[in-house]
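First the structure, in the form of structure tokens, and then the observations on it.
In what follows, chains carry the letters A, B, and so on, assigned in the order in which the sequence lines appear, proteins first and then strands, with residues in each chain numbered from 1.
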Protein chains: 2
Amino acid sequence: MHAAAPMAPVFHLDGQLASDSHPVAELPVCSLRLMDDSNYPWLVLIPRVAEARELIDLDQDTRLAVMQEIDLAARVLKQEFRPYKLNVAALGNLVPQLHVHVIARYTEDPAWPAPVWGRIHARPYEPEALVERVGRLQHALTALRRVRPA
Amino acid sequence: MHAAAPMAPVFHLDGQLASDSHPVAELPVCSLRLMDDSNYPWLVLIPRVAEARELIDLDQDTRLAVMQEIDLAARVLKQEFRPYKLNVAALGNLVPQLHVHVIARYTEDPAWPAPVWGRIHARPYEPEALVERVGRLQHALTALRRVRPA
């Protein structure tokens, strides 16, 4: 028997993020997912980098690629949902795995003008609405011609 | 008399941001300022780009430069204040001028684990504490050798 070689850490999507969101696309660096809260069009980007917790944990090329994917997610939301404001945030106080929120906000949304976190109970999508929403996002992403489909 | 040429819009720091924060440094793209709330070590980056409201309003080179300046601000906070978590966010629901928060968070800070916005009244720095804090940040920035001093 050979001694086992040291294994590099492997990326696994955090269980809380997995249960709170639905897959939309696999971008070059991040998994792009839709948060299961129909109060807002709300995307989350999770860099597929094992053990990353902060943006400063990423190497420079990866960090800049994440910025480009944040930009893509924001442009999709702007194009499809015409928000009054976009909110972009990497917080991670509750879920330690690095993830970036990109949220379309409206002056009439239920948390406005406060941030969305911890204010209003999530309103999960109905199944048909979820299928429609994910499909619409995938279509818009493909039209922007930057992504591999999920 | 000549007709006036069309004038390019000029960047002016938003009055609310100016009154809520203190200058720390002028980075290549952003003004770096300390929020006047001693509850948390809290920096804010304001790209000196007239009329920018969203990260997607910036051209790509500027946006990536902002990402590098976010990284610098985050590394300064990590080095100087050893936070449990960094929070990075571009919200702008109340102040429309594009600005990015970089905040050092602790499990014992007064808003933890909630986001800081709109939870706890700001606790302005005492004058001596402000001078010490700004000087410490400027010293750390200079040591990281990336910035022109303010």
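Taking chain B as the reference chain and counting heavy-atom pairs below 4.5 Å, the highest number among A:Gly92, A:Ala114, A:Gly118, A:Pro96 is found for A:Gly92. Of the listed residues (B:Leu91, B:Val100, B:Thr107, B:Ile103), the greatest number of heavy-atom pairs within a distance under 4.5 Å of chain A belongs to B:Leu91.
There is no path of hydrophobic side-chain contacts, each under 4.5 Å, that joins B:Trp42 to B:Val24. Note: the hydrophobic cluster containing B:Val88 also contains B:Leu72 (ILVMFWY, side chain heavy atoms under 4.5 Å, direct or indirect links). Neither A:Val44 nor A:Leu27 shares a network with the other; the hydrophobic side chains, linked directly or stepwise wherever heavy atoms of I, L, V, M, F, W or Y lie under 4.5 Å apart, form separate groups for each. Under the 4.5 Å side-chain heavy-atom criterion for grouping Ile, Leu, Val, Met, Phe, Trp and Tyr, B:Val66 is not connected to B:Met35 through any hydrophobic cluster. A:Leu32 and A:Leu137 fall within a single hydrophobic cluster, where Ile, Leu, Val, Met, Phe, Trp and Tyr are joined by side-chain heavy atoms under 4.5 Å apart, directly or via other members.
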A:Met67/B:Leu55 under side chain to side chain contact (heavy atoms under 4.5 Å, CB included): CA gap, chis, key distance, verdict: CA-CA 10 Å; A:Met67 190 59 152; B:Leu55 289 167; 4.2 Å; yes
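Counted within 6.0 Å of CZ on B:Phe11, heavy atoms from surrounding residues, nucleotides or ligands total more than 12; the atom is thus considered enclosed. Shown here is B:Glu108, whose CD atom has more than 12 heavy atoms of other residues, nucleotides or ligands within 6.0 Å.
For A:Arg105, the part lying near chain B is the side chain, with the backbone staying farther off; criterion is any non-hydrogen pair under 4.5 Å. In this structure, chain B has a heavy atom under 4.5 Å from the side chain of A:Leu94, while its backbone stays farther away. In this structure, the portions of A:Ala90 lying under 4.5 Å from any heavy atom of chain B include both its backbone and its side chain.
Shown here for B:Ala74 and A:Ile56, the closest heavy-atom pair between the two residues is CB-CG2, 3.6 Å. Residue A:Gln68 comes nearest to B:Leu64 through the heavy atom pair OE1-CD2, 3.7 Å, listed as atom of the first residue, atom of the second, then distance. Looking at every heavy atom in both residues, A:Lys85 comes nearest to B:Arg53 through NZ-O, 3.4 Å.
In this structure, OH on A:Tyr106 lies 13.0 Å from CG on B:Asn93, to the nearest 0.5 angstrom.
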